[in-house]
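What follows is a set of notes on a single structure, which appears directly below.
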Amino acid sequence: MVYSSLNLYISSETFTFEPVYQNPSVRRETLVINRIDGSLNLNAPPAPTLRQEEVISIHGLLGVIKLNAGDHIVVITGRERIGKISGHEVYKLTGHKTIPVQRSRLHLSEQQIQDDVNYVFMLDTLLGAGYFYFSYTFDLTNSAQRTSKQAAKERPLWATADERFFWNRYMQRRLIEMSTSRPDHDLSNFILPIMCGFIELKDISVNNRRLTFGLITRRSHHRAGTRYHSRGVDDNGNVSNYVETEQIVVTEAGDKTSYVQTRGSIPLYWKQTANIRYQPKLEVVPDPKTAASFKKHFDEQLRLYNRQIVVNLINKKGYEHPLGIAFASAIQRLNEPRIRYVHFDFHHECRNMRWDRISVLLEDIRPELEAQGYFKQDAKGAVLKQQDSVVRTNCMDCLDRTNVVQSVLARNSLKQQFVELGILPPGGKVEDAVEFERVFKHIWADNADEVSRQYSGTGALKTDFTRGGKRTRAGALQDFRNSAVRYFKNNFLDGSRQVCICRVWWRFVRFVSDCRCFLHMHPLWNVLQDAFNLMLGVYEVNPTVVSPFLQQERPIRYLVVWAFLSC
């Protein structure tokens, strides 16, 4: 079990992590980080003199990251209890602290010192955004079905975690390496995996049956990024904004059911470059690696989830149409019998607020949904049912249309689960349980908003339907507001290589002056995009190279010529 409460003793020579034990008879161990050479040691209890030095109460160690000044430790200082699932407490990360291991910065230039300030600010922005969750005793990165297939032998949390959703694995790599290479220095109790996404757990009564209803949305750290800056697939088959969502029911008796869905960017090479237009031009890139990357993506999905029901919600006309054609062609060339592909033009089918027409999609894939099933486990841990396939849903951003359809599919599965658990009578509907229906709608709408904020910077569109079951004028107005905010953020804040907000405003003014190409020459700094790369090790700080924050400013006359040629 990972330590949930520790004292961090800070001296001029060491950081000492001492777990706070409730039982004084338990063997005490401490993790010591040497501030001179950065070495890690699993040690005896700290010397008494340490108790006279600075001490911080923390709730866990997120890991170690290297900046210009050397290693920095990142610790958890605040947490919010989300709820309990199967007896395990779940928390949201609400506070952290980044502390340099080396005390001196005399070896750094002024630019390097400022760069480290920027790097810490980026990490603080990301870790403080409310995206991260953890549990000391429960593996949040794995679905109930995957967990049931793991070996019965007890293993530490980090060793069982699904690598896709283990967001601080890069920061924990030194502790993991020592735990695997030196059995006498097993630091597993100090290694706490954190998950990015969304979790909500509600204890509620349905027809006088007490249960816990929960939604766990896991965002993959592969190809993590923000809208317009992360699209499509990479050479390893990873897609942007890939998300696994698991709907869980745990009865008071201990029976558990689970239903898993996935979403992810269309697995082709395609892009949209922000250029101040409301809908930037969509370009399907003719890359010779397309077929291989497409196959890698679905090979991985088939390995993890078995059969795939691929639901494509993008428009069959307009600027989205070429991407839909390319997706269908790639599926056809793949010729994989375990994949069922359905193109449901959401905007066309549900036009004039006819959202009830999502039922047309459900009827189309009804045979596959009935064969799919869901995961079921009894109170003793015996697996009674397994989910045999997964619905992989996508629209352009895998946000708004996608979440609406996923919530409908989730309700469809939940009806079957409740009937089999005896919560609903045969032929009963989830909607008949009025209080639960309200909770269900709000949890799925909250999930939509959170996934959207992480990718586009605003809450989701169309959540009035998810929350209330119908489209409203107020919801349409809120969608207009969110769309406007997305437009501004995606065009003027989602770039790279600048921090100063004054420059952001200056460049906005230049755009208004018809210098549309300016973004391509002087992209703006998107704190979250680059914080993702820094935290995940996609970008590693190297003190020997030129600062990434430095930028050559072009003469005004050059800008005018460039603008004239590009407009």
Side-chain angles (χ1 to χ4, degrees), residues 143 145 215 217 239 242-247 257-267 294 297-298 300-316 320 323-325 327-332 334-351 354-376 385-396 398-420 427 429-431 440 444 447-448 462 465-466 469:
S143 67
Q145 183 159 310
L215 209 59
T217 283
V239 295
Y242 181 86
V243 171
E244 175 189 89
T245 297
E246 181 180 22
Q247 181 177 269
T257 61
S258 158
Y259 182 67
V260 170
Q261 300 181 69
T262 63
R263 65 174 80 179
S265 190
I266 292 177
F294 191 86
H297 175 74
F298 278 108
E300 178 77 351
Q301 297 307 294
L302 291 165
R303 181 183 68 82
L304 291 168
Y305 303 104
N306 204 357
R307 293 178 297 113
Q308 300 282 297
I309 307 168
V310 179
V311 176
N312 182 10
L313 302 174
I314 69 174
N315 299 342
K316 292 183 178 179
E320 297 181 0
L323 185 58
I325 293 295
F327 193 8
S329 297
I331 288 281
Q332 187 175 18
L334 186 61
N335 193 27
E336 170 55 65
R338 290 174 293 173
I339 297 177
R340 166 77 194 283
Y341 176 77
V342 180
H343 192 168
F344 181 80
D345 186 334
F346 185 96
H347 286 147
H348 175 74
E349 296 291 343
C350 302
R351 63 191 183 280
R354 287 290 312 276
W355 291 53
D356 58 293
R357 287 188 55 77
I358 297 175
S359 61
V360 174
L361 171 64
L362 258 65
E363 289 307 312
D364 189 4
I365 60 175
R366 179 72 63 187
E368 287 82 4
L369 292 178
E370 291 177 353
Q372 177 182 73
Y374 52 87
F375 175 78
K376 184 180 180 183
K385 278 189 173 184
Q386 295 200 52
Q387 185 173 334
D388 188 47
S389 66
V390 72
V391 180
R392 183 204 188 277
T393 312
N394 70 264
C395 50
M396 286 297 292
C398 306
L399 298 176
D400 312 316
R401 291 169 273 182
T402 293
N403 199 82
V404 169
V405 170
Q406 283 196 333
S407 68
V408 173
L409 292 168
R411 180 188 278 106
N412 179 74
S413 176
L414 191 60
K415 174 185 173 181
Q416 302 172 42
Q417 296 169 42
F418 275 5
V419 169
E420 186 163 336
K429 297 180 179 179
V430 175
E431 296 91 322
F440 174 88
W444 270 97
N447 175 69
K462 305 174 177 64
F465 175 81
T466 312

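Being a predicted model, the structure only gives us computed values, none of them experimental.
Distance check: Asn312 CG to Thr402 OG1 gives 9.0 Å after rounding to the nearest 0.5 Å. Considering CZ of Phe375 and CD of Gln247, their distance stands at 15.0 Å, rounded to 0.5 Å. Rounded to the nearest 0.5 Å, atoms CG (Asn403) and CZ (Arg263) are 5.0 Å apart. Cys395 SG to Ile266 CD1: the interatomic distance, rounded to the nearest 0.5 Å, is 9.0 Å. The CG atom of Asn306 lies 12.0 Å from the CD atom of Gln301; values are rounded to the nearest 0.5 Å. For the atom pair NZ of Lys429 and CZ of Arg411, the computed distance is 11.0 Å after rounding to the nearest 0.5 Å.
Residues forming a ring-ring contact (aromatic ring centres under 6.0 Å, His included) with Phe327 (at least two apart in sequence, or on another chain): Tyr341. By the ring-ring contact (aromatic ring centres under 6.0 Å, His included) test, Phe298 is found to be paired with Phe294, residues two or more places apart in sequence or in another chain being considered.
Of all heavy-atom pairs between Gly264 and Asn394, the closest is O-CB, 3.2 Å. Taking every heavy atom of both residues into account, Ser265 and Cys398 meet most closely at N-SG, 3.4 Å. The two residues Asn315 and Glu320 come nearest to each other via the heavy atoms N-OE1, 2.6 Å.
The aromatic rings of Phe344 and Phe346 stand perpendicular to each other, their planes meeting at an angle above 60°, with 30° marking the opposite boundary.
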Show, in sequence, the C-alpha distance, side-chain angles and deciding distance for Gln145 and Val260, and conclude whether the side chain to side chain contact (heavy atoms under 4.5 Å, CB included) test is met. CA-CA 9 Å; Gln145 183 159 310; Val260 170; over 6 Å; no
Would you please test Lys385 and Thr257 for side chain to side chain contact (heavy atoms under 4.5 Å, CB included) and show each step? CA-CA 9 Å; Lys385 278 189 173 184; Thr257 61; over 6 Å; no
Does Glu370 form a side chain to side chain contact (heavy atoms under 4.5 Å, CB included) with Gln416? I'd like the steps, not just the answer. CA-CA 10 Å; Glu370 291 177 353; Gln416 302 172 42; 5.6 Å; no
Step by step, work out the side-chain hydrogen bond (donor to acceptor under 3.5 Å, both in side chains) result for Ser258 and Glu246. CA-CA 7 Å; Ser258 158; Glu246 181 180 22; 2.6 Å; yes
Go through it in stages, so that I can follow the logic: the residues are Leu369 and Val391, the test is side chain to side chain contact (heavy atoms under 4.5 Å, CB included), and I'd like the CA-CA distance, side-chain angles, deciding distance and then a yes or no. CA-CA 9 Å; Leu369 292 178; Val391 180; 4.0 Å; yes
Please assess Gln406 against Trp444 for the test side-chain hydrogen bond (donor to acceptor under 3.5 Å, both in side chains), listing each intermediate value before the final yes or no. CA-CA 9 Å; Gln406 283 196 333; Trp444 270 97; over 6 Å; no
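A donor-acceptor pair is defined here as one N or O able to donate and one able to accept, closer than 3.5 Å; such a pair exists between the side chain of Arg401 and the backbone of Leu313. Without hydrogens or angle criteria, Gln386 side chain to Asp388 main chain gives no donor-acceptor distance under 3.5 Å. With His343 contributing its side chain and Ile314 its backbone, the two residues share a donor-acceptor pair below 3.5 Å. With Ser407 contributing its side chain and Val404 its backbone, the two residues share a donor-acceptor pair below 3.5 Å. Between the Arg392 side chain and the Gln308 main chain, no donor and acceptor come within less than 3.5 Å of each other. Proximity of a side-chain donor or acceptor of Arg351 to a complementary backbone N or O of His348 within less than 3.5 Å is detected.
Inter-residue side-chain proximity for Ser389 and Ile309 is flagged as met; some heavy-atom pair is nearer than 4.5 Å.
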Under 3.5 Å, side-chain donor or acceptor atoms of residues 358-365 against the rest of the protein: list the pairs with distances, not counting sequence neighbours.
{"residue": "Ser359", "atom": "OG", "partner": "Asp356", "partner atom": "O", "Å": "2.9"}
{"residue": "Glu363", "atom": "OE2", "partner": "Arg366", "partner atom": "NH2", "Å": "2.9"}
{"residue": "Asp364", "atom": "OD1", "partner": "Arg340", "partner atom": "NH2", "Å": "2.9"}

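When only modelled atom types and interatomic distance are considered, Tyr259 and Gln372 share a side-chain donor-acceptor pair under 3.5 Å.
Between Glu368 and Arg307, none of the side-chain N atoms (NZ, or NE/NH1/NH2) sits under 4.0 Å from a carboxylate O, so this pair counts as no salt bridge.
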